[in-house]
Amino acid sequence: MSIFNKKTEKSSDKHYLTSKEIKEIAKANAKVMKELEKKKYRKCDESEFITSMDDDRNILEIEDLHTYFFTDQGIVKAVNGVSFNIPKGSTVGIVGESGCGKSVTSMSIMRLLQGPTGQIYSGSIRFKSVDYKRDEHGNPIPIFKRKPNGKILFEDALDKKGNVILKKDGTPKRVPVQARNESGALLFATEEKVYDIAEMPMSEIHRLRGRQIAMIFQEPMTSLNPVFTIGNQLDEVVFIHTPGATPEMAKVRSLEMLELVGIAAPERVYNSYPHELSGGMRQRVMISMALACDPRLIIADEPTTALDVTIQAQILDLLRDLKTRIDGSIMLITHDLGIIAEMADYVVVMYAGRIIERGTVQEIFHNPLHPYTIGLQKSKPTMDSDSDTLFNIPGNVPNPVNMPKHCYFKERCSKCIGKCSGDYPCMVQVSPTHYVACHLYGEEEANG
Amino acid sequence: MADKKKKAAIEAQNLDPKIQEYLEEDAKNKAEFAAQREEDFKQPYDPECILEVRHMRKTFPLQKSLLGKVERELVAVDDVSFKLKAGETLGIVGESGCGKTTLGRAILKLHQPTDGRIIFDGEDITDFNTKKMRKNRTKMQIIFQDPYSSLPPRSTVGDILSEPVQVHNIVPKDEVKDYVLKLMDKCGLRDYYFERYPHEFSGGQRQRICIARALSVNPKLVICDEPVSALDVSIQAQIINLLKDLQKSMNLTYIFISHDLSVVKFISDKIGVMYLGSMVEFGNKEDIFSNPIHPYTKALFSAIPNPNPDVKMNRIVLGGDIPSPANPPSGCRFHTRCPHATEKCKYVTPTYREYEEGHFAACHLLEDEAK
């Protein structure tokens, strides 16, 4: 009897799959994954992934991004049609519960998705980068020092030991002198280019990763290599991403960065191993590593979740301070609304792989529209509130495989209307910067 | 040359009468404290209180000599005392490594305390052996932080929940299933979960299973060791509300350990703030939140991000990191990070005393003010 019961329960469970079904799904997935992998590792010309921005003030534009995980249980649409912009010099906060796709969005921007299961299926991520101008061989074009009359300055060429290299006829070989900036780094000609990150092949992604877009990971404990010293790991970043860098220059830069993030004894930290540092120190090292190449965009993926409150306060102060100093943009991913309120200029609220509401921080906190955003704000106990029970959103996030066709929040929503059983609501513009995906507001717009 | 300078500096330090005075005062305080401690141990038990902790101390040996003598030790909990009435919730806050979990475990005697007394339900349980303690376990339970690792993956929910009931003979054998189903209903678990395994559940549901397991033996005291910090905000609210409802219906006493001050404020009646093993402030929720007196508590409160973009935070940012508990600073342990630290704080350990009724703290600044 009990066996029979189990069977019926399993067959009634819509997430239960037979092995035959699993095989079929795996076969279909393999086909798609193979194609996407092929595209990822293709050789192509630069023109294929160069586009232009919609709005020149933005540094990053994500349009209709779909990132899927092809599992044997079915396709997990971790990011399902996400579009938002990051204006230059601003902080965009992304909030949502675990599994809502906020980290996967950042991973898609960095192209760090675990292949072959994780793939950017469609959509575009346009990033405005200032990249080195390259000659026909792909080498960066140097800027040479010039005399006051505009002619290029030449000097004798030296070999590694510092001796003058002579030509065959006995005269010293003359080479042009490359210009350097104040800290001694070689200068190269740069140009502004807009890349579509989603279309870039993996062989070209190093143009952006680390140098243009840097990432601060959630867990400083696991993201530093335990067998190398901090100095070693920091130098590597500078060394790889700066053409013509010498180890000495890399060290100078590393120490400079460690000082910038407020480490009192940079020389000591430089020579120590990650396990010798505390959590807050490690996170500072991670931040200095991200900032080492003056990135134009910093993605901070839950930078303070693993830290204590007092250390969190230090790190947030530091991030805010650094943003103004290096004039970059920050994409801040967190589940803490308090941090968002404090740090962000624009807020994107995600739920189950989709953006449900976005706007400026004032709009989201003073005039939240989507029931989920309202619930999220009410369910967090605040320091000034004195209620007896907390507001809670009933139920759980739906299973990421086989998402329903209607609004994903319908089962947990208290303001459900008849229209909610229909198609997924589209984004409605409430104000020039405020968008919401909910039928409640679509109706109003139509009536008004 | 450098050596000479160093020597001179050391001599100057030795000669400084002020420091000498401080050291003497510290020694005097310590002697006074030892006498006070003996006296406290002799005092009768408060019948109103379900739990009384008197001068609890827990150390872990770091280094032992050849003969087994402890040469270096880590003081995880240093002289913590408090009283808790039945039906109350005590929230313990502090940063990681401040000994809040060790305190919770020592109260349950999952760690044998090195020194001090635990009086639970009118009995001194400090020296109870395992056998005697086993009977007591039905009265005190714990909910762990991580619901993903605290449930056995090979047992069904039914097995997990009925095992403690069977072991402690809470109900007759044939009524166990009904009892467990009732309990599951109370904790918001559907009855068909009975035959499912933990991996089939989300974090919030698993935490509900953990709560149900803890409550299956009808305990009086439940220690919640960061029960919501691994959960999402919307699920957090569900679990906190569940804990509150269960407290009302079963008249439970909670010790709620957390680093999230807003959660602690919501659920607690009394709050204890810990720093590096010692309790720096203890009192009623209203007193602590409206009038925090210890500088650490003030800094801790100001560090919480406020979900209101218009409020400009007037934040006290503490510099530096938490010192290692294996090598704590001398004098007041907070003096390395305290914005108001004086010379005295470096040498004299502040005593933990009552400033208002039921509001305890340990800080020199307050003592000076009181004088």
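We name chains A, B, ... by the order of the sequence lines, and we start the count at 1 in each one.
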Test item: R284(A) and L277(A) side chains (from C-beta on) under 4.5 Å apart, heavy atoms: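 With C-beta onward as the side chain, the pair stays apart.
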For the student: nearest non-hydrogen atoms of H370(A) and C438(A), plus distance: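 For H370(A) and C438(A), the tightest heavy-atom pair comes out as CD2-CB, 3.7 Å.
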I240(B), part contacting chain A, at a heavy-atom distance under 4.5 Å: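 Just the side chain, heavy atoms under 4.5 Å.
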Options H335(A), Q362(A), M343(A), K378(A), ranked by heavy-atom pairs under 4.5 Å with chain B, top entry: Q362(A)
Portion of F391(A) that has a non-hydrogen atom of chain B nearer than 4.5 angstrom: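 Contact with chain B involves the backbone of F391(A) alone.
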Which portion of Q312(A) sits near chain B, non-hydrogen atoms under 4.5 angstrom: side chain
For chain B, the option from D308(A), I311(A), I364(A) that forms the most heavy-atom pairs under 4.5 Å: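 The candidate making the most pairs under 4.5 Å is D308(A).
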Short side-chain donor-acceptor distance under 3.5 Å, E226(B) and S258(B): no
Contact class of Q238(B) relative to chain A, heavy atoms under 4.5 angstrom: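 For Q238(B), backbone and side chain are both near chain A.
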T89(B) versus K270(B), side-chain donor and acceptor atoms under 3.5 Å: no
Donor-acceptor side-chain pairing of S379(A) and Q236(B) below 3.5 angstrom: no
Region of S96(B) in contact with chain A, defined by heavy-atom distances below 4.5 Å: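 Both parts, heavy atoms under 4.5 Å.
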Max heavy-atom pair count under 4.5 Å with chain B, selected residue of A344(A), G96(A), G338(A): G338(A)
N327(B) versus S324(B), side-chain donor and acceptor atoms under 3.5 Å: no
Chain A contact via V317(B) - which portion, at a heavy-atom distance below 4.5 Å: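 For V317(B), side-chain heavy atoms alone lie under 4.5 Å from chain A.
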Salt bridge D146(B)-R206(B), side-chain N to carboxylate O under 4.0 Å: no
Residue selection (most heavy-atom pairs with chain A, distance under 4.5 Å) from V233(B), D260(B), L231(B), N241(B):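 Maximum pair count with chain A is reached by N241(B).
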